[in-house]
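For reference, the structure is listed below as structure tokens.
Values below: every heavy atom of this structure, side chains too, minus hydrogens, waters and symmetry copies. As the structure lists them, so they are numbered: ligands from 1, and atoms in each ligand from 1. Note that the structure is predicted; figures quoted are calculated from it, not measured.
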Amino acid sequence: MKRAFITGVTGQDGAYLSQLLLQKGYEVYGLVRRSSTVDVNDGRLRWLGIADRVKLVDGNLLDLSGLIRTLRELKPDEIYNLGAQSFVRSSWQQPILTSNVTGLGVVHMLEAIRLECPTARYYQASSSEMFGLIQEPRQTEKTPFHPRSPYGVAKVFGHWMTVNYRESFGLHASNGILFNHESPLRGLEFVTRKVTNAVAAIKLGLAKEIRLGNIDAQRDWGHAKDYIEAMWLMLQQDEPDDYVIATGRTVSVRDMCKVAFAHGGLRLDDHLVIDPELFRPAEVDILLGDSSKAHAKLNWKPRISMEQMICEMVDADIQRLKENGGRNRV
Ligand code: GDP
């Protein structure tokens with residue numbers, strides 16, 4: 001039986017990846033941060049019905065000695081580093097924390113692997129936010145980075161550290177440069193989920209409006225379920241490498257909203273308020289990925305369209321708001 005260790009296991013990707021690995025017969029361990037005020041936030045694992053099958057280990061990406069001890073005990077075959085301060089807007093509010101967790105946390109993982117389990121296979125969650133102010137109309141593995149937020153800068157650091165440990169020490173370490181990927185388990189702070197949750201609330205008479213920032217921004221949105229398969233495929237290759245994972249189609253926030261509102265039987269213009277407070281100090285105007293390499297080498301292709309995904313998210317939010325008396329807990 002193969003053993004996997006996942007950081008960020010309570011997040012969207014951690015939950016779907018745990019589900020996939022359990023289906024494949026893995027033993028799944030996940031790193032969680034303890035807090036004195038709330039229980040472990042395993043709502044997403046519970047939503048997928050796998051909370052009792054994922055073994056949670058206390059720890060923190062900032063705590064190198066704890067990571068070393070954990071890897072010494074577990075000796076995992078595969079390690080997926082999905083943990084991060086991942087909300088771009090908060091990264092201006094907490095640039096140093098973001099640099100520590102999202103950037104330095106990667107070196108902590110790589111050092112712990114080098115010391116304790118150098119033959120383990122490592123997946124680093126790189127991000128399309130690294131492209132930022134895009135240098136080419138379609139971004140590939142070779143497109144130069146120009147990050148536009150402390151989050152993007154920290155991800156570039158983690159990306160190159162992963163490449164460096166591969167080249168310096170021969171680690172089986174791969175970067176997945178994933179473009180935006182969403183699902184009913186996406187955090188409520190991200191724009192897709194904010195919109196689908198608002199459509200559900202308006203439809204149920206719990207809210208009247210939605211406040212958004214720059215709705216002209218364009219993103220290449222895919223479904224998290226498709227994208228976590230690419231993570232696993234990268235670690236099944238003989239050679240580690242870096243891959244762009246994207247749909248190859250870009251859509252504006254405005255048009256994504258229209259899909260969500262239409263699915264709820266509503267009109268966007270009746271409910272939208274543009275709030276200047278929600279604009280960012282620097283914006284990533286457009287992202288469009290080219291995942292030809294992943295298609296050629298991993299035989300990976302996305303299956304779920306943006307429209308299908310947004311409709312699934314609206315339906316899930318309506319159902320959850322009804323079940324939870326107007327409060328969305330996942
Ligand atoms: P990101 O691409 O990782 O930053 O993912 P987000 O879902 O947070 O944001 C996607 C885009 O939507 C960005 O260009 C945001 O500026 C834009 N956007 C517009 N209004 C909002 C909003 O109210 N919340 C968020 N999260 N993004 C917004």
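Atom 9 (O) of ligand 1 has as its closest protein heavy atom Arg280 NH2, 3.6 Å. Scanning the protein heavy atoms around atom 26 (N) of ligand 1, the nearest turns out to be Glu189 O, 2.9 Å.
The Phe87 neighbourhood of ligand 1 comprises atoms 8 (O), 26 (N), with distances under 4.0 Å to a heavy atom of that residue. Below 4.0 Å from some heavy atom of Lys194 lie the following atoms of ligand 1, by number and element: 22 (C), 23 (O). Annotation for ligand 1: atoms under 4.0 Å from non-hydrogen atoms of Val88 are 3 (O), 4 (O). Close approach of ligand 1 to Gly213 (heavy-atom distance below 4.0 Å) involves ligand atoms 19 (C), 20 (N), 21 (C), 23 (O). Of all the atoms in ligand 1, the ones that sit under 4.0 Å from a non-hydrogen atom of Asn180 are 1 (P), 2 (O), 3 (O), 5 (O). Ligand 1 places these atoms under 4.0 Å from at least one heavy atom of Asn214: 17 (C), 18 (N), 19 (C), 20 (N). Close contacts between ligand 1 and Val253 involve ligand atoms 12 (O) [criterion: under 4.0 Å to a heavy atom]. The contact set between ligand 1 and Glu283, taken as ligand atoms under 4.0 Å from a residue heavy atom, comprises 13 (C), 14 (O), 15 (C), 16 (O).
In this structure, Phe131 and Phe145 have tilted ring planes: the angle between them lies in the 30° to 60° band. Relative orientation of the Tyr80 and Tyr123 rings is tilted, given thresholds of 30° and 60° on the angle between their planes.
Side-chain atoms of Tyr26 and Trp232 include a donor-acceptor pair closer than 3.5 Å. A side-chain donor-acceptor contact under 3.5 Å links His223 and Glu312. Side chains of Gln124 and Asn175: a donor-acceptor N/O pair is absent below 3.5 angstrom, by distance only.
Judged by the 6.0 Å distance and 45° axis criteria, Arg249 is not positioned over the aromatic ring of Trp221.
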